[in-house]
Protein chains: 2
Amino acid sequence: MEPQRHPTEPVGFARHDHSHCVEDALAAAEARCLYEGLRFTPVRRRALEILLERHRAMGAYEVLERLQAEGLGAQPPAAYRALDFLVANGFAHRVERLNAFVACNHPGEDHIPAFLICRSCNRVAETVALPARAQLVSAAAASGFEVERVLVEAEGRCAACRQSDSE
Amino acid sequence: MEPQRHPTEPVGFARHDHSHCVEDALAAAEARCLYEGLRFTPVRRRALEILLERHRAMGAYEVLERLQAEGLGAQPPAAYRALDFLVANGFAHRVERLNAFVACNHPGEDHIPAFLICRSCNRVAETVALPARAQLVSAAAASGFEVERVLVEAEGRCAACRQSDSE
DNA sequence: CTTGCGGTGTTATAACATATCATTTAGACG
DNA sequence: CGTCTAAATGATATGTTATAACACCGCAAG
Ligand SMILES: [Zn+2]
Ligand SMILES: [Zn+2]
Ligand SMILES: [Zn+2]
Ligand SMILES: [Zn+2]
């Protein structure tokens, strides 16, 4: 119900002060919405908070469950609408491989995300994919294809899971 | 029901001799299965043929429909099993963005596919993503993440669709 | 023959996503 | 302040994609 307070919760695959990262990201989102005239409604705010709390990719129905528990929308469309808003405005990304959503690690930075997805613990780390995009754009140009959006996702195993495997 | 015979049917976004390309790919798959001791059963063979005929990304249920029409399996698992076999052995790829499958353009070549997906006509062209993989692997190494599989998909518009747009 | 394994048939259900229409709310405007 | 409008939400229903689970069959090794 309330954010986890352990100061070294893993995010992506690194440890960090989780309580601050949730608060900061939420505050930043709030500020940016105000600035850009976007409506950061309770459902949307809470949906982002849910993604941030876990710092994992979460399915829409998983988010929905938590919204329901607090009376913020009871049906699938509520969750999808909130998540669509977050994705459309760069507060979160959709991870195609998992049919799931994850809070953005570089909000407000105008970037092309790339994801590292651990197939054991399902955690997701976000990095950037600019070189991949450049390569693809030039490859595409040969056939007259115009690239609008690029999606880069790597599947593998994170350090922690590889470690625990060999134990 | 029977393969399209138009000699300049588009594949990916280029034109080519489609009738031969279906036959050739099927024969090559057959040969490779024989060589590697894989069982190229009627359902699997026909599923690949269906993907090749269209040379588009097809949903599992779309493939299923066509299999059903020929009495080759009536339920979803039949299609998923056949498609899983094709993907596992490199005869086809899964396009995550579309939750769909497409016959491989470089069978037997041990490659990392990248896809160009036209958001208008839904056609898919396959190209290669080696540089993207290298970049990702090195980015991942910093956090101890081991990349096993890389997925690169670009969304945009093909030459034909851009053309017809401006008309 | 018989035993095991891979492939298939079949049922049921899980998981993900959207169309549609009614209702409410927030803000713009006169 | 009222009233209009557009955006957001509520609610119902349904569509789409994917898998779990178990039964059965055929083939080939032992
Ligand atoms: Zn991001
Ligand atoms: Zn892990
Ligand atoms: Zn391929
Ligand atoms: Zn097109």
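The chains referred to below are lettered A, B, ... by the order of the sequence lines, with proteins before strands, and numbering in each begins at 1.
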(request) Apply the salt bridge (charged side-chain N to carboxylate O under 4.0 Å, His left out) test between A:E148 and each candidate in B:R157, B:R119, B:R162; give the one that qualifies. (result) B:R119

To the nearest Å, give me how far apart [atom1] ([X]) and [atom2] ([N]) are.
X: B:L64; N: D:dT16; atom1: CG; atom2: C1'; value: 13 Å
X: B:Q68; N: C:dT8; atom1: CD; atom2: P; value: 16 Å
X: A:F40; N: D:dT9; atom1: CZ; atom2: P; value: 12 Å
X: A:F85; N: D:dA8; atom1: CZ; atom2: P; value: 8 Å
X: A:E96; N: D:dA18; atom1: CD; atom2: C1'; value: 16 Å
X: B:E65; N: D:dT17; atom1: CD; atom2: P; value: 11 Å
X: A:L72; N: D:dA11; atom1: CG; atom2: C1'; value: 16 Å
X: A:N89; N: D:dA8; atom1: CG; atom2: C1'; value: 14 Å

(request) Between protein and nucleotides 14-27 of chain C, map the contacts as a letter string: B base, S sugar-phosphate only, - none, heavy atoms under 4.0 Å, written 5' to 3'. (result) --BBBBB-----S-

(request) Kindly say whether A:N89 contributes a backbone atom to a donor-acceptor pair with the side chain of A:R32 at under 3.5 angstrom? (result) yes

(request) May I ask you to decide if the ring planes of A:H18 and A:H55 are parallel, tilted or perpendicular, using 30° and 60° as cut-offs? (result) tilted

(message) Is there a side chain to side chain contact (heavy atoms under 4.5 Å, CB included) between A:L98 and A:N122? Walk through the geometry before answering.
(response) CA-CA 9 Å; A:L98 303 174; A:N122 231 46; 4.2 Å; yes

(request) Would you verify whether the NZ or CZ of B:R45 falls within 45 degrees of the ring axis of B:F40 while also being under 6.0 Å from that six-membered ring's centre? (result) no

(request) Apply side-chain hydrogen bond (donor to acceptor under 3.5 Å, both in side chains) to A:H111 and A:E126, showing your working. (result) CA-CA 11 Å; A:H111 57 295; A:E126 181 179 348; 2.9 Å; yes

